[in-house]
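Okay, so here's the structure we're looking at.
Only a predicted model underlies this, so the values are computations on that prediction, with no experimental measurement involved. Only this structure's heavy atoms are used, side chains among them; waters, hydrogens and symmetry mates stay out. Every chain is numbered from 1, with letters handed out A, B, ... down the list of sequences.
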There are 2 protein chains.
Amino acid sequence: METFAARGYGKASLAEIADRAGLTQAGVLHYFRSKANLLTEVLDLRDTTDIAGLGPERPRGLTFLQHLVDTARHNAEREGIVRLYAVLSAESVTDDHPAQDYFRNRYAGLRGFVTEALTEACDLGEVHEDVDVESAANAIVAVMDGLQVQWLLDPEAVDMAASTESVIKALVASLEAG
Amino acid sequence: METFAARGYGKASLAEIADRAGLTQAGVLHYFRSKANLLTEVLDLRDTTDIAGLGPERPRGLTFLQHLVDTARHNAEREGIVRLYAVLSAESVTDDHPAQDYFRNRYAGLRGFVTEALTEACDLGEVHEDVDVESAANAIVAVMDGLQVQWLLDPEAVDMAASTESVIKALVASLEAG
DNA sequence: GCACGCTTACTGAGTGGTTAGTAAGTAGTC
DNA sequence: GACTACTTACTAACCACTCAGTAAGCGTGC
């Protein structure tokens, strides 16, 4: 995780990963058939403790949205994981990247969760166009990601929790009003 | 640009860049002293036509914010440039990346522009806390970036212009109300 | 209690390929 | 005769991955 976060997938070397783990490069490949396989295993492992891994018993409505703000606040003390996801998610859009499917699915899931929570939080009937709430949900997922890159480059200049909260509050208000 | 966008800086090779340009790898290094120098030159060249390169005669207030939405719409027809910036900006947070300063400065500039425009658009007096408008400005920059990654992975699922617009409208309304 | 085959957990030494960057030379232009 | 625009040829490092071997642990048979 540390090596992928610090170098990205492409520039991370099995030799460095092996060194950190205290074995040889061939030793790493004894456990993971290939570098790509190691990446997907790392990603699968992490996911079980993340938002995207929340089961059907996850919080709903405003509680879920508040949970997103809490996650942003919590993330400001987990530079490593933030870096891992910020780097790999963007890198995944390059040609033939092994984590492309992982991130496509992850984002689809996140968008779905936030769309649901937003619908519940605003108590929307059939009045509302789905397109509005989906636009808002996609934006909420996006703002959290975009803030991470800015924060990693300049932690003093960005308050991830505050910006996340102002977007969520503003969007909820605008959906309820409109 | 195409090679950096498709592979990222780390995995892009001078040989591929040279091939596309119709000369040898050494020929590329005749013009650019190093790979890192080539990257910064590419970035500097692009910037002159981008938002960040707008001079002091740029639009102001709501017009500027509307310009951001137009840019998002326009970007949906420029996959290459979107990919270049999405990939490189996130990759720049890795150790010793040659574009780190470039993106740190770029984001600082963008945040400043949007903060200014937001202040003008909402006609804010001394009543308002700076922290609110800055949080909102950072979020607007972030949402545009975050949407790009999602859009690159799944263009059907994301409407960059619509999501950008809903965030800007909601934030402007919330600043004016609060 | 100990030899048996089987499995797990590695290491060391490669293989074949790619990397950025350099050095020297050449053809053409001013 | 100097300068520009390259090329060919090279270097030294690094890359993921393979392969053959070794050492240790383990359940089974006697």
Checklist entry - Given that B:His30 and A:Leu14 both sit by DNA chain D, which one's nearest nucleotide is further toward the 5' end? => result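 Looking at the nearest nucleotide for each, B:His30 comes out on the 5' side.
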
In whole Å, what is the span from the [atom1] atom of [X] to the [atom2] atom of [N]?
| X | N | atom1 | atom2 | answer |
| --- | --- | --- | --- | --- |
| A:Phe32 | C:dA9 | CZ | P | 12 Å |
| A:Leu23 | C:dG12 | CG | P | 11 Å |
| B:Lys35 | C:dT22 | NZ | C1' | 17 Å |
| A:Lys11 | D:dA13 | NZ | P | 17 Å |

Students often get this wrong, so: under 4.0 angstrom with heavy atoms, is [X] touching a base, only sugar-phosphate, or nothing?
| X | value |
| --- | --- |
| B:Thr24 | base |
| A:Ala36 | nothing |
| A:Ala18 | nothing |

Please list each protein N or O that sits under 3.5 Å from an N or O in nucleotides 18-24 of chain D, with the distance.
none

Next on the checklist: Check this one for me: any side-chain N or O of B:Ser13 less than 4.0 Å away from OP1 or OP2 of C:dT18?
Outcome noted: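 Indeed not, no polar side-chain atom of B:Ser13 lies that close.
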
Next on the checklist: So, applying side chain to side chain donor-acceptor pair (under 3.5 Å) with B:Asn75, which one of B:Glu77, B:Arg73, B:Arg78 is it?
Outcome noted: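 It is B:Arg78, the one option of B:Glu77, B:Arg73, B:Arg78 that forms the side chain to side chain donor-acceptor pair (under 3.5 Å) with B:Asn75.
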
Checklist entry - Of A:Arg83, A:Arg7, A:Arg20, which meets side chain to side chain donor-acceptor pair (under 3.5 Å) against A:Glu2? => result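 Among A:Arg83, A:Arg7, A:Arg20, the one meeting side chain to side chain donor-acceptor pair (under 3.5 Å) with A:Glu2 is A:Arg20.
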
Checklist entry - Within the distance-only criterion (no hydrogens, no angle test), does the side chain of A:Lys35 pair as donor or acceptor with the backbone N or O of A:Tyr9 below 3.5 angstrom? => result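 It does hold such a pair.
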
Item to check | Partner residues of B:Phe103 under the ring-ring contact (aromatic ring centres under 6.0 Å, His included) criterion, sequence neighbours left out | outcome: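 Once residues adjacent in sequence are excluded, B:Phe103 has no partner under the ring-ring contact (aromatic ring centres under 6.0 Å, His included) criterion.
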
Checklist entry - Could A:Arg58 and A:Glu116 be called an ion pair, given the rule that one side-chain N must be under 4.0 Å from one carboxylate O? => result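 Result for this pair is yes, salt bridge flagged.
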
Next on the checklist: Quick check: closest heavy atoms across B:Ser34 and B:Leu29, and the distance to 0.1 Å?
Outcome noted: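 So the minimum-distance heavy-atom pair works out to CA-CD2, 3.8 Å.
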
